[in-house]
Structures are given as structure tokens and as C-alpha cells.
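Whatever order the structure lists ligands and atoms in, that order sets their numbers, starting from 1.
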Amino acid sequence: MKDKNLFLIGMMGSWKSTIGRKLAKALNLEFIDTDDAIEEVTEMKVADIFREFGEDKFREMETAFFIEKAKQPGQVISTGGGIVLGAETRQVLRENGTTFLLNASPTTLANRIHNTKKRPLLTDSKNLEGRLQKIWNERSQLYKECAHHIIKTDELEPSQVLDEILKILEVSSADH
Ligand code: S3P
């Protein structure tokens, strides 16, 4: 496992960070959360970066950070929901490791998201579920294009999602 990366992708609220942290611990790999790392490097919150510099600038930072980090193996990387928007990042997700798409319906995601202030794409939304559905419609193909495995999490607890990922990894390493 140390010779490759594990990437978690999915919509906001899909538990990428929660599961990523658990997965890294279970496999004794380094854990990186791209949003947290960008906040640390810039000493700014993601919402403030969007407000002061705009979404395009955030995407530039996110892309540069992710591509650089993903060159090194042996990490679990939980990504921001928009990581699949760039062709370059999609290529890295496909080629530099194993990518898991954590999937959940807009209703499930809306129930899991408590603080929209932290998520600039949702902040002004009166209809959270509708907004998430729209974003999913725009991105679903991109997510699926990058994912080596898709895990539906609506009916699961985080520990069960972790177990599913570990099971998939066991099976695929036994294949080699
Ligand atoms: C975004 C998701 C956020 C964060 C930013 C944009 C998106 O990350 O990167 O607010 O475009 O889906 P999470 O998916 O971790 O909430």
C-alpha cells in the first residue's frame, strides 16, 4: 500500500475527511486533507479565499497543491468536492493511485451538512438539497470518470464505509 496513494473524492458532506482520517490510521499511511492543507498554507479559511480572490483562484491553488502532493506515494488524500473539475487533476486521480468515490443522495448530504458558512458554494442557498442536486448533476460524470471504486454511503455508518474500503483493498492486493 505504501507504493501508491489512496484518494477520496465526492460531494460536500460525503465524509471524505472523516473516512480519510480513519483509513490513514488503519493502514498507517500519511493523511492529507486538501482543504485543511490549503487553509494552513495560506493562513486563510476556504470561504475567505473564495470571497477575497474568487473561486477560480481557489481552484488554481487546489490544483497546484494536489498535483504536487500526489506525486509522493503512501498517502491517503481527502480532496475538496471540486477536485474533479480540472482535466489535470482528473488524470492524477486516475493514474497516481486508487480513487474511491463516496456517494450519497442530495437528501443524505443535506442532512449531514450543518454549517453552510464553511462551504461557499452552499452559503446563500435557500434550498440545500436542490443546490446539491444541481452540483451533482453538473459533476456526476466527472466523479465517475475518475473513480476506480464507488461506495454508496447513504445507509452506512462511517466505520462501515471504512470496512468496505479495506475489503476492496484486500481483494485487489490479493489479485496481484
Ligand atoms: C467545494 C468543496 C469544499 C471546498 C470548497 C469547494 C466544492 O470541500 O473545497 O468549499 O466545490 O465542492 P468539501 O467537499 O470537503 O466540503
For [atom], what is the closest protein heavy atom, and at what distance to 0.1 Å?
{"atom": "atom 12 (O) of ligand 1", "value": "Arg139 NH1, 2.8 Å"}
{"atom": "atom 14 (O) of ligand 1", "value": "Lys16 NZ, 2.7 Å"}
{"atom": "atom 10 (O) of ligand 1", "value": "Pro120 CD, 3.4 Å"}
{"atom": "atom 9 (O) of ligand 1", "value": "Asp35 OD1, 2.8 Å"}

Give the numbers and elements of all ligand 1 atoms closer than 4.0 Å to a heavy atom of [X].
{"X": "Phe58", "value": "9 (O)"}
{"X": "Gly80", "value": "8 (O), 9 (O), 14 (O)"}
{"X": "Arg119", "value": "16 (O)"}

Checklist entry - Counting only heavy atoms, which portion of Leu121 has something under 4.0 Å from ligand 1: side chain, backbone, both, or neither? => result side chain
Next on the checklist: Checking contacts here: is it the side chain or the backbone of Arg59 that comes within 4.0 Å of ligand 1, counting heavy atoms only? Could be both or neither.
Outcome noted: side chain
Measuring only between side-chain heavy atoms, which start at C-beta, is [X] closer than 4.5 Å to [Y]?
{"X": "Ile135", "Y": "Met12", "result": "yes"}
{"X": "Lys167", "Y": "Asp163", "result": "no"}
{"X": "Leu27", "Y": "Leu169", "result": "yes"}

N or O contact, [X] vs ligand 1, cut-off under 3.5 Å:
{"X": "Met11", "result": "no"}
{"X": "Ser17", "result": "no"}
{"X": "Thr79", "result": "no"}

Checklist entry - Closest heavy-atom contact between Lys16 and Gly80? => result CE-C, 4.2 Å
Item to check | Nearest neighbour of atom 5 (C) of ligand 1 from the list Val46, Asp36, Ile83, on a heavy-atom basis | outcome: Val46
Checklist entry - Mind checking whether Phe100 and His149 have parallel, tilted or perpendicular rings, split at 30° and 60°? => result parallel
Next on the checklist: Would the distance check show the side chain of Thr42 and the main-chain N or O of Ile38 forming a donor-acceptor pair, the cut-off being under 3.5 Å?
Outcome noted: yes
Checklist entry - With a 4.0 Å cut-off on heavy atoms, is Glu55 touching ligand 1? => result no
Checklist entry - Do Leu93 and Tyr143 share a hydrophobic cluster, counting only Ile, Leu, Val, Met, Phe, Trp and Tyr and linking them when any side-chain heavy atoms are less than 4.5 Å apart? => result yes
Next on the checklist: Is there a continuous path of hydrophobic side-chain contacts, each under 4.5 Å between heavy atoms, that joins Phe7 to Ile83?
Outcome noted: yes
Checklist entry - If we ignore angles and hydrogens, is there a donor and acceptor under 3.5 Å between the side chains of Thr123 and Lys117? => result no
